[in-house]
Amino acid sequence: MNNKTIRAIKGTQDILPEESIKWQSLEDQIRKITSHYGYHEIRTPAFEKTKLFSRSVGEETDIVSKEMYSWTDQGGEDLTLKPELTASVARAFIQHNLGRINPINKLYYIDALFRRERPQKGRYRQFHQFGVEAFGSEHPEIDAEVIALAISIFKSLGLEGLKLNLNSIGSPECRINYRAALQKFLKPHFSELTETSQKRFNDNPLRILDTKASHEIKILEDAPNISDYLTNEDQTHFNEVIEYLDILEIQYKLMPRLVRGLDYYTRTTFEITSSNLGAQNAICGGGRYDGLTEMLGGKPTPGIGFAAGMERVLLLMKSKQFNKNKVQIYIVSLGEKTRATVIKLAQDLRNQSLNTEFDLLRRSLKAQLKEANKMNVKYAIIIGDKELESNQLEVKDFLTGNQQKVELNKIIEHMNSLSF
RNA sequence: GUGGGUGUAGCUCAAUAGGUUAGAGCACCUGAUUGUGGUUCAGGAGGUUGUGGGUUCGAGACCCAUCACUCACCCCA
């Protein structure tokens with residue numbers, strides 16, 4: 001391959017027709033299930049003010065500190081391609097006063113996001129997520145509904161071997177207490193911690209819980225659990241979420257170490273993982289963010305949502321069969337005199353909602369039939385000089401090979417009467 | 001940002017230990033006498049072996065650099 005040809009940017013990919021039918025089928029499923037749950041689509045711009053993300057996602061997170069595609073535009077504004085969606089949706093929610101129009105707002109999205117990470121399996125620089133955000137209710141029913149919705153989508157896609165991990169990180173007050181307790185516990189081990197953990201010790205000690213370094217995991221075995229620091233209200237809330245999940249017969253695993261990376265999470269956090277994905281095994285992550293709208297200057301409004309990585313979901317759907325749109329009729333033409341008739345006939349058939357193709361390369365009869373065969377058409381209509389003169393077209397059944405003559409002015413009616 | 005692996009035709013891969021003109025399968029195109037697809041047969045097109053340098057009488061192969069892809073770390077969906 002020529003070195004000078006322009007290629008797609010690293011970490012981005014073209015979705016060719018063979019792939020895009022899978023995307024369409026996934027998107028159809030998402031729209032169907034979310035509508036069963038009463039969620040409506042929201043679409044937000046591809047880029048936002050940089051401030052939006054630094055304020056909501058958190059200055060110290062990897063996303064904001066090193067992964068955003070940001071630039072200053074000609075007017076001197078600092079802008080960023082969306083690295084995640086909750087912040088954008090919350091911004092739109094506030095901007096349009098959705099909370100005043102309706103006390104509860106249930107939104108879903110399917111969108112492209114951008115992060116400048118080193119690509120690997122299931123991780124790209126432009127990637128796609130679907131997800132939901134529900135604003136307005138602090139009650140555990142909505143936590144359960146959101147989780148059930150996610151599970152329901154994955155189930156409808158036929159995914160197997162998924163695990164739901166669940167935790168509550170409480171409200172800001174108890175996090176402050178827990179944070180202090182964790183720091184106190186870790187202090188004697190400080191010198192044993194990795195460099196990044198040492199850095200997090202002050203900035204965001206909860207994220208040390210996420211470590212994968214085995215010696216740190218060992219140290220953390222005896223660390224205090226956040227569940228012991230939850231307020232009564234937080235504990236009651238979490239218990240009710242669990243109770244609902246039991247009623248809905250949704251399996252979960254309590255994971256006291258599950259703290260989500262982004263600053264805006266409160267109370268319920270969850271993730272759904274698959275063992276069939278390699279290192280990037282989370283297909284869905286979410287949780288409650290009761291303080292987010294306030295953090296962004298809006299009226300305090302509780303909220304909860306999740307985001308799922310579509311590329312990762314598609315990796316799991318690999319074995320599934322997808323149906324391409326079938327070509328139903330191929331019009332074979334012979335000789336230049338027939339061309340006008342063919343193009344008009346194709347148009348008429350297409351207007352009847354029949355998927356119709358004809359030869360665009362002025363190829364031989366044989367080549368056209370070959371093409372028709374490759375497309376797996378049900379019928380071919382053959383028009384040559386003979387047929388043009390007699391007004392009798394040949395309609396060939398590709399399965400049986402049988403042909404019958406049909407008058408030109410009855411062909412639409414005839415084709416409509418056939419089964420495809 | 002760090003580390004490993006891999007770069008040969010559109011795709012999947014060959015090319016003994018460095019030795020002529022780099023091959024095969026699939027896909028593509030043409031043909032097998034008049035205007036009929038699938039199967040078969042015959043033929044054709046398609047490559048500066050990612051790129052640049054080096055070692056050698058001789059490099060697809062060995063060495064160095066570079067780029068790309070890929071997997072993993074960090075982190076995340």
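Letters go in sequence order (proteins before strands), and every chain restarts at 1.
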Mark yes or no for a side-chain to base donor-acceptor pair under 3.5 Å between A:Arg312 and B:C76, with no hydrogen or angle criteria applied. yes
Under 4.0 Å, heavy atoms only, any strand: does A:Lys10 hit a base, just the sugar-phosphate, or nothing? sugar-phosphate
Please enumerate all residues that pass ring-ring contact (aromatic ring centres under 6.0 Å, His included) together with A:His237, with sequence neighbours excluded. none
Is there a donor-acceptor contact under 3.5 Å linking the side chains of A:Asp234 and A:Ser171? yes
Verify the contact: side-chain N or O of A:Lys370 to OP1 or OP2 of B:U36, cut-off strictly under 4.0 Å; return yes or no. no
Checking all strands, does A:Phe398 fall into the base, sugar-phosphate, or nothing category for heavy-atom contacts under 4.0 angstrom? base
Measure from CD on A:Glu18 to C1' on B:A27 and round the result to the nearest Å. 13 Å
Can you tell me the pairing partner of B:G35 across any strand shown, Watson-Crick or G-U wobble, with both distances under 3.5 angstrom? none
Describe the nucleic acid contact of A:Ala307 in one word from base, sugar-phosphate, nothing, applying a heavy-atom distance below 4.0 Å. sugar-phosphate
Checking only heavy atoms, does the side chain of A:Glu387 share a donor-acceptor pair with the base of B:G35 at less than 3.5 Å? yes
Using 30° and 60° as the class boundaries, would you call the ring planes of A:Phe93 and A:Phe135 parallel, tilted or perpendicular? parallel
Out of B:G37, B:U36, B:C74, minimum distance to the side chain of A:Asp62 belongs to B:C74
Now, which nucleotide makes the Watson-Crick or G-U wobble pair with B:G19, with each of the two distances under 3.5 Å? B:C57
Compare side-chain N and O positions of A:Lys66 against OP1 and OP2 of B:G1 and report whether any pair is under 4.0 Å apart. no
Using side-chain heavy atoms (C-beta onward) and a distance below 4.5 Å, is A:Thr356 in contact with A:Gln347? no
Scan every strand shown for a Watson-Crick or G-U wobble partner of B:U2, both distances under 3.5 Å, and answer none if you come up empty. B:A72
Expressed as a whole number of angstroms, how long is the span from A:Leu365:CG to B:A32:P? 13 Å
Between B:U20 and B:A15, how far is it from one P atom to the other, in whole Å? 15 Å
Under 4.0 Å, heavy atom to any atom of RNA chain B: which of residues 107-131 of chain A qualify? A:Arg115, A:Glu117, A:Arg118, A:Gln120, A:Lys121, A:Gly122, A:Arg123, A:Tyr124, A:Phe127, A:Gln129
What is the nucleic acid contact for A:Gln403, judged by heavy atoms within less than 4.0 Å: base, sugar-phosphate only, or nothing? base
Point-to-point distance, once rounded to the nearest 0.5 Å, from CZ of A:Phe238 to CG of A:Asn167: 5.5 Å
Sugar-phosphate only, base, or nothing, as touched by A:Glu271 at under 4.0 Å among non-hydrogen atoms: nothing
Please classify the nucleic acid contact of A:Lys386 as base, sugar-phosphate, or nothing, using heavy-atom distances under 4.0 Å. base
If you measure only the distance, is there a donor-acceptor pair under 3.5 Å linking the side chains of A:Asp143 and A:Tyr244? no
Using only heavy-atom distances, determine whether the side chains of A:Thr80 and A:Lys49 contain a donor-acceptor pair under 3.5 Å. no
G-U wobble or Watson-Crick pairing nucleotide for B:G25 (cut-off 3.5 Å, both distances): B:C11
Who pairs with B:G47 - Watson-Crick or G-U, where each distance is under 3.5 Å: none
Would you mind classifying the nucleic acid contact of A:Leu334 as base, sugar-phosphate or nothing, using non-hydrogen atoms under 4.0 angstrom? base
Integer-rounded Å distance: B:U39 C1' and A:Leu369 CG: 16 Å
